[in-house]
A.B. asks: 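Quick one: this structure, given as structure tokens, is what I'll be asking you about.
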Amino acid sequence: MIGSFDRLGYERHRRTFRPADLDADLSDRHVVVTGANSGLGFATATALVVRGARVMLVCRDGGRGEAARDAIRSQTGSSSVELAVVDVSDLSAVRSFAAGLRWPRVDRLIHNAGLLPDRRILSSDGHELTFATHVLGPHLLTRLLRPRLEASAEARVVW
């Protein structure tokens, strides 16, 4: 929708926002968040944990991922946050993650990983890195997790 992502959109949507909508109980929900070590991914993962969800942080950098996991645990007092070190632009890493995920179902899959380098870089598979991170990896992850998403009564994929 034109005007949804600017100041006018904010003003229009703000009028119908209900703070009570944020009081969701997400206990017993399993959520995978890519790019969760900073920015929107970190804030999203933290908010989900606060509401009771079990969250898997999928981060490319192990050190930054560990710091994010520890920060969320410290801020929320919850240990229901886990870390998987996965570069979503690396299709074999995505396959390994999906095959090794111990959860019987995934209730939410949030694709947040992203980057925008200032020069052309190829992924380990030979694809342009931004395309591999934003499109190829997330598409493959969604396809591989589909049986676990279908095992949820209310699965959602946020791209």
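Keep in mind the model is a prediction, meaning the values are calculated, not measured. What's counted below: heavy atoms across the whole structure, side chains too, no hydrogens, waters or symmetry copies.
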A.B. asks: Using only atom types and a distance under 3.5 Å, with no angle test, would you say the side chain of H134 pairs donor to acceptor with the backbone of N112?
C.D. replies: no
A.B. asks: Could you check whether any side-chain N or O of T46 sits under 3.5 Å from a backbone N or O of F42, counting only pairs where one atom can act as donor and the other as acceptor?
C.D. replies: yes
A.B. asks: Where the side chain of R51 meets the backbone of L22, is there a donor-acceptor pair that is under 3.5 Å apart?
C.D. replies: yes
A.B. asks: Is there a path of hydrophobic side-chain contacts, each under 4.5 Å between heavy atoms, that joins V81 and W103?
C.D. replies: no
A.B. asks: Side-chain heavy atoms nearer than 4.5 Å, only ILVMFWY residues, links allowed to pass through others: does that put V85 and I110 together?
C.D. replies: yes
A.B. asks: Using a 3.5 Å distance criterion without hydrogens, assess whether the side chain of T133 forms a donor-acceptor pair with backbone atoms of V88.
C.D. replies: no
A.B. asks: I'd like to know if the side chain of R54 and the backbone of V31 have a donor-acceptor N/O pair within less than 3.5 Å.
C.D. replies: no
A.B. asks: Would I121 and E128 count as a side chain to side chain contact (heavy atoms under 4.5 Å, CB included) here? Give the steps.
C.D. replies: CA-CA 6 Å; I121 301 172; E128 194 280 322; 5.9 Å; no
A.B. asks: Do E11 and R14 meet the salt-bridge criterion of a basic N to acidic O distance under 4.0 Å?
C.D. replies: yes
A.B. asks: Hey, does the side chain of D125 reach the backbone of L91 with a donor-acceptor pair shorter than 3.5 angstrom?
C.D. replies: yes
A.B. asks: Return yes if some donor-acceptor pair links the side-chain N/O of D107 with the main-chain N/O of H30 below 3.5 Å, else return no.
C.D. replies: yes
A.B. asks: Determine whether V106 and L144 fall in the same hydrophobic cluster, where Ile, Leu, Val, Met, Phe, Trp and Tyr are linked whenever their side-chain heavy atoms lie under 4.5 Å apart.
C.D. replies: yes
A.B. asks: Is any NZ, NE, NH1 or NH2 atom of the basic residue among R105 and D28 found under 4.0 Å from an Asp or Glu carboxylate oxygen of the other?
C.D. replies: yes
A.B. asks: Is L122 atom CG crowded by more than 12 heavy atoms from other residues, nucleotides or ligands, each under 6.0 Å away?
C.D. replies: yes
A.B. asks: Checking R156 side chain against E154 main chain: does a donor-acceptor pair fall under 3.5 Å?
C.D. replies: yes
A.B. asks: Would you say L149 and L140 are hydrophobically clustered, going by side-chain heavy atoms of ILVMFWY under 4.5 Å?
C.D. replies: yes
A.B. asks: Can you list the residues that meet the ring pair (Phe, Tyr, Trp, His ring centres under 6.0 Å) rule with H127, with sequence neighbours excluded?
C.D. replies: none
A.B. asks: Is the backbone N or O of L116 less than 3.5 Å from a side-chain atom of T130, with the two atoms forming a donor-acceptor pair by type?
C.D. replies: no
A.B. asks: Hydrophobic clustering (ILVMFWY, side-chain heavy atoms < 4.5 Å, transitive) - are V49 and L26 grouped together?
C.D. replies: yes
